[in-house]
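So the structure is just underneath, and the comments pick up after that.
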Amino acid sequence: MIAWFGQNGRDLPWRHEGVSAWAILVSEVMLQQTPVVRVVPRWEEWMRRWPEPADLADAPTAEVLRCWDRLGYPRRALRLQECARALVREHGGRVPHGEEALRALPGVGEYTAAAVTAFAHRRRAVVVDTNIRRVLARAVRGRALPDRSYSAAERSLATRTLPAEEARSVAWNQAVMELGALVCTARSPDCAQCPLAAAGCAWVAAGRPAAEEDTRRRQAFEGTDRQLRGQIMALLRRDGEAGEAALLTLDATDAPRVHRCVQSLLADGLAVRGREGEGLRLP
DNA sequence: AAGACGGGGGG
DNA sequence: CCCCCAGTCTT
């Protein structure tokens, strides 16, 4: 796996020599539910503008949200700025070591704390993202896909699989994640190119059985608050401020729904009231 | 354990 | 047009 990564790993900017822990933390937050290819250009501009936590901490939030652009889930941008402020306030403007201290930061959960520990601090940490879950589900458990929810058993499996030696553990996390992203993909895995297939992937050995029928209802998007919130944020990024009338054009048929979304954006701190007390603008 | 939370590109 | 993406936080 580690040799495979050496040959096939992508040349991503946050993997370059000398990239700071802060820059890696920023990349990890941006990569939460957003594909690599969309993150790269945003990350480059972001790091150019705010190379240190103190820079982001002092930035106008409206600019932060604009630069985040359409990476999705804009509260991640808000939390990243809160995170930068927490680093300045509590950690001397540096990214702390230790998963417990990392997890206490806004927007940093189990995955990100482990990823920063492994990829920024080069320490042994059990990193489990969607790619690693899928690779382990296939290679070890012989399943087409991991279970819906992340279980203690899965964390335990990842822990047992992780090499004991520190440098190898870091390389392993990177390699398994990359294999899941490039070869052992969700939709159409390319087992012919997989270094694990020959070594005995349980799923390949079992004849690549199909996934169990997924009975859960997929999350709708069209017509949801999530979509409308996104449209409102797009409007605010473009114009800085939007009056009541402009907001209502987003869904002229359902004013209460527009109002509900405005309320939730205000509650989240993603927007504030306009100057005349009506309409909306970026914070 | 289940839902909310954006947005876009590939199959 | 559906599915998935280096998840987190709140019920």
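Order of the sequence lines fixes the chain letters, A, B, ..., with proteins taken first and strands second; residue numbering starts at 1 for each chain. All values derive from a computational prediction rather than experimental measurement.
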Query - No-hydrogen, no-angle side-chain donor-acceptor test under 3.5 Å, A:R229 and A:T224 - result: no
Query raised in the report: Between A:E28 and A:Y111, is any side-chain donor less than 3.5 angstrom from a side-chain acceptor?
Result: yes
Report summary line: Judged by nearest nucleotide, the residue sitting upstream toward the 5' end of DNA chain B, A:S151 or A:L71, is A:S151
Report task. Under 4.0 Å between any heavy atoms, over every strand shown, what does A:T112 touch: base, sugar-phosphate, or nothing? Just pick one. Result -> sugar-phosphate
Query raised in the report: With a 4.0 Å cut-off on heavy atoms, is A:W68 in touch with a base, just the backbone sugar-phosphate, or nothing at all?
Result: nothing
Query raised in the report: OP1, OP2 of B:dG8 versus side-chain N and O of A:T34: anything below 4.0 Å?
Result: no
Query raised in the report: Are A:E212 and A:R148 ion-paired here, with the side-chain N under 4.0 Å from a carboxylate O?
Result: no
Query raised in the report: Between C:dC3 and B:dG7, how far is it from one C1' atom to the other, in whole Å?
Result: 13 Å
Query raised in the report: Contact class for A:R10 (heavy atom, under 4.0 Å): base, sugar-phosphate, or nothing?
Result: base
Report task. Tell me which nucleotide among C:dA6, B:dG8, C:dC4 gets nearest to the side chain of A:A186. Result -> C:dC4
Query raised in the report: Do the side-chain N or O atoms of A:R38 get closer than 4.0 angstrom to the phosphate oxygens (OP1, OP2) of B:dG9?
Result: no
Report task. Apply salt bridge (Lys or Arg N to Asp or Glu O under 4.0 Å) to the pair A:E45 and A:R49, showing each step before the final yes or no. Result -> CA-CA 6 Å; A:E45 183 183 346; A:R49 296 182 65 170; 3.6 Å; yes
Query raised in the report: Taking for each residue the nucleotide of DNA chain B bearing the nearest heavy atom, is the 5' side occupied by A:R187 or by A:M233?
Result: A:M233
Could you list all N or O pairs between the protein and nucleotides 9-11 of chain C that sit under 3.5 Å apart?
from	atom 1	to	atom 2	distance (Å)
C:dC9	OP1	A:G107	N	2.8

Report task. Find the runs of at least 3 consecutive base pairs, i with j, i+1 with j-1 and so on, that include DNA chain C, using Watson-Crick or G-U wobble geometry with both distances under 3.5 Å. Result -> B:1-5 with C:7-11, B:8-11 with C:1-4
